[in-house]
Amino acid sequence: MKLESFRVFIAVADAQSLVLAAKQLNKTPSGLSMALKNLETQIGAPLFASERKNQLTALGQWVLTRARHDVAQFDATVRGIHDQVQTQGQALRIGAVPSVMVHVMPSVVAAYLAAHPGSHIEIHDGDSLELQRALERDEMDLVVRSHVDAPPSPLLRERLGWVMPASHPLAGASMLEWSDVRATPGLSNRLCQQSGREWMQSFDRSAALRIHNTASLLAMVRAGLGMTLLPELAVLGLVDLAFVPCAEPEWRYLAVHTQALPSPAVQEFAAALHRYMG
């Protein structure tokens with residue numbers, strides 16, 4: 001099956017019309033019709049419910065999802081190759097959790113660019129699940145994400161704790177148990193939602209708000225809407241917020257992940273991250 005056949009199929013499925021799709025692709029309707037017939041012959045079943053091409057079969061819907069994925073992955077590969085050529089092999093797509101983006105990446109990126117002038121770096125932040133999915137879709141070359149259990153060669157181990165305004169009555173505690181904060185309004189996040197710990201799941205269930213963006217989450221904490229759970233690095237240097245470790249030690253591990261066959265530039269950037277963290 002040719003990738004171009006998938007492009008034709010996607011265009012017709014989206015337009016729900018051979019004529020409209022033909023205009024978008026600058027091709028003839030008869031040419032698109034022939035391409036679709038060849039694709040259906042190769043698959044061995046119809047993809048459209050009628051000759052009007054305005055409704056997909058159940059198989060057609062499944063094939064459309066796969067076709068979008070494969071075409072997007074191919075296009076991302078082509079863009080990556082072009083970037084490598086234009087930047088002499090120094091194109092990088094980097095992603096990391098927000099705390100790493102704020103406290104680690106600026107120094108590492110600055111040192112890397114000084115050592116590799118002419119490099120082109122795209123920077124993205126997100127939660128660990130989003131970053132892993134982006135890496136699997138070939139949208140990232142390298143990501144730094146968190147793990148509950150210690151991975152091989154972790155970049156950093158950091159403790160989880162309760163985050164609250166510095167003026168909060170509990171801000172001076174040396175550590176806090178779940179029972180100590182149970183009566184306090186809670187702000188949950190993906191870290192809590194994805195945890196297998198019963199007490200963290202209880203905190204998530206009782207939370208008044210679930211917030212998926214770290215900047216928004218900290219803004220809600222500052223506004224006095226409740227406290228949340230975060231790794232210590234996420235609030236490092238924020239004097240208006242307090243971090244109190246969990247009484248039952250709870251750790252998160254940060255690790256570097258790359259594609260299976262990373263370019264020399266990606267390998268060098270990963271090494272730079274480990275050098276910076278010591």
Between [Y] and [X], is there a side-chain donor-acceptor contact under 3.5 Å, judged purely by atom types and distance?
X      : Y      : result
Gln132 : Arg145 : yes
Gln267 : Ser263 : no
Ser179 : Arg182 : no

Roughly how far, to the nearest 0.5 Å, is the [atom2] atom of [Y] from the [atom1] atom of [X]?
X      : Y      : atom1 : atom2 : answer
Arg252 : Ser99  : CZ    : OG    : 12.0 Å
Leu236 : Leu241 : CG    : CG    : 12.0 Å
His212 : Glu130 : NE2   : CD    : 9.0 Å
Met101 : His124 : CE    : NE2   : 8.0 Å
Ser146 : Glu158 : OG    : CD    : 8.0 Å
Lys2   : Gln42  : NZ    : CD    : 8.5 Å

Quick one, [X] and [Y] - any side-chain contact, counting heavy atoms below 4.5 Å?
X      : Y      : value
Ser206 : Trp178 : yes
Cys246 : Leu229 : yes
Arg190 : Arg210 : no
Trp251 : Leu160 : no
Asp125 : Val97  : no
His147 : Asp149 : no
Leu218 : Thr214 : yes
Gln259 : Asp138 : yes

Query raised in the report: Out of Asn38, Leu36, Leu39, which residue meets the side chain to side chain contact (heavy atoms under 4.5 Å, CB included) rule with Val8?
Result: Leu36
Report task. State which residue, out of Val143, Val144, Leu142, Leu131, fulfils the side chain to side chain contact (heavy atoms under 4.5 Å, CB included) condition with His257. Result -> Val143
Requested in this report: Assess the pair Tyr276 and Tyr112: is the distance between their ring centroids shorter than 6.0 Å?
Outcome: no
Would you confirm whether [X], through its side chain, and [Y], through its main-chain N or O, come within 3.5 Å as a donor-acceptor pair?
X      : Y      : result
Asn189 : Cys192 : yes
Glu40  : Ala45  : no
Ser119 : His116 : yes

Query raised in the report: Near Met34 CE, under 6.0 Å, is it more than 12 heavy atoms from other residues, nucleotides or ligands?
Result: no
Requested in this report: Check whether more than 12 heavy atoms from other residues, nucleotides or ligands sit under 6.0 Å from atom CD of Glu51, and answer yes or no.
Outcome: no
Requested in this report: For the pair Met140 and Ile94, evaluate side-chain contact (heavy atoms from CB on, under 4.5 Å) and give the outcome as yes or no after the intermediate values.
Outcome: CA-CA 6 Å; Met140 298 282 180; Ile94 306 298; over 6 Å; no
In the single-linkage hydrophobic clustering (I, L, V, M, F, W, Y; side-chain heavy atoms under 4.5 Å), do [X] and [Y] co-cluster?
X      : Y      : value
Val104 : Val235 : no
Val163 : Leu225 : yes
Phe48  : Leu59  : yes
Leu217 : Leu209 : yes
Val148 : Leu129 : no

Is the closest basic N to carboxylate O distance between [X] and [Y] below 4.0 Å?
X      : Y      : answer
Arg137 : Glu139 : yes
Arg133 : Asp127 : no
Arg7   : Asp75  : yes
Arg197 : Glu250 : yes
Arg157 : Glu232 : no

Where [X] and [Y] come nearest, the two heavy atoms and their spacing:
X      : Y      : answer
Asp204 : Gln193 : OD1-CG, 3.2 Å
Trp162 : Met227 : CE3-SD, 3.9 Å
Gln24  : Ala11  : OE1-O, 4.5 Å
Phe203 : Thr228 : CZ-CA, 4.1 Å
Leu18  : Pro29  : CD2-O, 4.3 Å
Ala13  : Leu64  : CB-CD1, 4.0 Å

Report task. Take His120 and Leu92 through the side-chain contact (heavy atoms from CB on, under 4.5 Å) test and state the conclusion after the steps. Result -> CA-CA 6 Å; His120 175 74; Leu92 294 169; over 6 Å; no
Query raised in the report: Where do Phe243 and Leu238 land on the side-chain contact (heavy atoms from CB on, under 4.5 Å) test, with the steps shown first?
Result: CA-CA 10 Å; Phe243 176 88; Leu238 302 181; over 6 Å; no
Query raised in the report: With sequence neighbours excluded, what pairs up with Glu248 under the salt bridge (Lys or Arg N to Asp or Glu O under 4.0 Å) test?
Result: none
Report task. Under the salt bridge (Lys or Arg N to Asp or Glu O under 4.0 Å) rule, collect the residues that match up with Asp70, sequence neighbours excluded. Result -> none
Query raised in the report: side-chain contact (heavy atoms from CB on, under 4.5 Å) between His274 and Val256: does it pass, once the steps are laid out?
Result: CA-CA 9 Å; His274 282 282; Val256 178; 4.0 Å; yes
